[in-house]
S.K.: 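The following block contains the structure, expressed as structure tokens.
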Amino acid sequence: MHTEPPPLSALQAWLDAYGTVEDRYGHLLLEQIQPIDQALIDALKPYFESAHLDAREHFHQQVGIDLHPDATASGAHACYPDCLPIVARRGLFGEVIAGLVTQAYADELVGEHPWSVPIFLFRFHADVESYLWDLRYDPSRKRQVFGRFGSDFVGIRLDATGRVIRVIVGEAKWRASLTDSAVAALLHGEKNATCPTTGEKIHNGQGIWFEVNRDSVVPKGLRQLQRLLELRDPINHASAIASMDAAITAATPTLARTNLVVIAGNAAKKRKKLSVLVPWEQPPAEYQSGHDLQVVELILDGGEALIDGLYSSLWKA
DNA sequence: CGGTCTTAGTGGTCTCATTC
DNA sequence: GAATGAGACCACTAAGACCG
């Protein structure tokens, strides 16, 4: 289970938070104000280990490799998640950040819901498992890994009796440089379509808003979360499990939902302080979903050093 | 002319749909 | 019936374009 709370004081020293809520639309800008250093990595490490623990145990058991990092057999030592290719690690970082922000800044997010993040869904990243399998028999194997299907992140709000009354579903993206074109491609799709009238290159409309709009009312991740709770800690989550099952099997889904979009990366060189990538005054015109929307922008400087430093330190002294 | 941004191209697996 | 294509998703990099 994911039990480690976010390192609040380290976050406060590292980031300035500017949150706004307009009706059912929340926007949170997190700007780095302190350089990334070893102390920050040390502070975040327990949270990241906690987030990846379930997947680490699951994958290593599946593939049949030892969890002890000092195991001597060649190619048979624990390596998730650090052994993943760089692109995949970037993606994982964004997804953990989605959870971290949800927990650490719940007061500033739309609705001010006290979110719970009982466990992360990384074990459902199917291609990682087959990659680790390849790696176990050929440690020199190098290839890219496909992203996980379904929601990047799922959190829940429980009522006093432990029943799930709302779900937060996150889409998380990392980009090394958050320039206008890079962000536009994320939000509106790649610029590989052609305008039928002018012949100009235009966005293909397959971006984040498209994904969020068309996602099923009840996210697939909720079922995955339910299964993990059943497997890992059924006694303490009995009410949550039962209510999730009811929500999923209901003929007409009534579960309340918040959509979360997290964009993380390094500031563009020409970025001005406090400028935003997604306007905060009102939800984007492209957002058609009737659910609450929360946008989070995490603007870093030299963020790769944080990701690489963090992931290479997990489960190591 | 130099720095920054944009565009185009690349990798990787598996399944389902379409075409030959 | 077999080969090809597209779509699911995570991003980076090289080279050319642009701006001051």
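Each chain gets a letter, A, B and so on, in the order its sequence line appears, and its residues count up from 1.
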S.K.: Is A:Lys173 salt-bridged to A:Asp152, going by a charged N under 4.0 Å from an acidic O?
M.R.: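 Salt bridge flag = no for A:Asp152 with A:Lys173.
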
S.K.: Taking the nucleotide of DNA chain C with the nearest heavy atom to each, does A:Gly94 or A:Arg214 sit closer to the 5' end?
M.R.: A:Arg214

S.K.: Between A:Asn213 and A:Tyr287 (side chain of the first, backbone of the second, donor and acceptor by atom type, cut-off under 3.5 Å), is there such a pair?
M.R.: no

S.K.: Please evaluate residues A:Tyr18 and A:His27 with respect to the criterion ring pair (Phe, Tyr, Trp, His ring centres under 6.0 Å), reporting the C-alpha separation (whole Å), side-chain torsions for both, the decisive distance (0.1 Å), and the verdict.
M.R.: CA-CA 8 Å; A:Tyr18 304 93; A:His27 184 282; over 10 Å; no

S.K.: Report all interatomic pairs (protein N or O, nucleotide N or O of nucleotides 18-20 of chain C) with separations under 3.5 Å.
M.R.:
none

S.K.: With nearest nucleotide decided by heavy atoms, which residue, A:Lys201 or A:Ser177, maps closer to the 5′ end of DNA chain B?
M.R.: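 Looking at the nearest nucleotide for each, A:Ser177 comes out on the 5' side.
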
S.K.: Would a distance-only check, ignoring hydrogens and angles, find a side-chain to backbone donor-acceptor pair under 3.5 Å from A:His203 to A:Gly189?
M.R.: yes

S.K.: Are OP1 or OP2 of C:dC10 and a side-chain N or O of A:Lys173 less than 4.0 angstrom apart?
M.R.: yes

S.K.: Would you call the rings of A:Phe48 and A:Tyr311 parallel, tilted or perpendicular if under 30° counts as parallel and over 60° as perpendicular?
M.R.: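 Rings of A:Phe48 and A:Tyr311: perpendicular, as their planes differ by over 60°.
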
S.K.: Output the residues of residues 215-227 of chain A in contact with DNA chain C, where contact means a heavy atom of the residue under 4.0 Å from an atom of the strand; sort by number or write none.
M.R.: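 Nucleic-acid contacts, sorted: none.
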
S.K.: Would A:Tyr80 and A:His52 count as a side chain to side chain donor-acceptor pair (under 3.5 Å) here? Give the steps.
M.R.: CA-CA 9 Å; A:Tyr80 175 89; A:His52 284 298; 3.3 Å; yes

S.K.: Could you tell me whether A:Asp134 contacts a base, only the sugar-phosphate backbone, or nothing, with contacts defined as non-hydrogen atoms closer than 4.0 Å?
M.R.: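 Nothing, no heavy atom under 4.0 Å.
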
S.K.: So what does A:Glu304 touch, heavy atoms closer than 4.0 Å: a base, only the sugar-phosphate, or nothing?
M.R.: nothing

S.K.: Take atom CG in A:Asp301; do more than 12 heavy atoms of anything else shown fall under 6.0 Å from it?
M.R.: no

S.K.: Would the distance check show the side chain of A:Thr258 and the main-chain N or O of A:Asp292 forming a donor-acceptor pair, the cut-off being under 3.5 Å?
M.R.: no

S.K.: Are OP1 or OP2 of B:dT6 and a side-chain N or O of A:Ser181 less than 4.0 angstrom apart?
M.R.: yes

S.K.: Tell me which nucleotide among B:dT13, C:dC10, B:dC5 gets nearest to the side chain of A:Val87.
M.R.: C:dC10

S.K.: What is the nucleic acid contact for A:Ala88, judged by heavy atoms within less than 4.0 Å: base, sugar-phosphate only, or nothing?
M.R.: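 If one applies the 4.0 Å heavy-atom cut-off, A:Ala88 turns out to touch nothing in the nucleic acid.
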
S.K.: Whole Å only: how far is the CD1 atom of A:Ile97 from the C1' atom of C:dA11?
M.R.: 17 Å

S.K.: Under a 4.0 Å threshold between the charged nitrogen and the carboxylate oxygen, would A:Arg90 count as salt-bridged to A:Asp308?
M.R.: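 A:Arg90 and A:Asp308: salt-bridged.
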
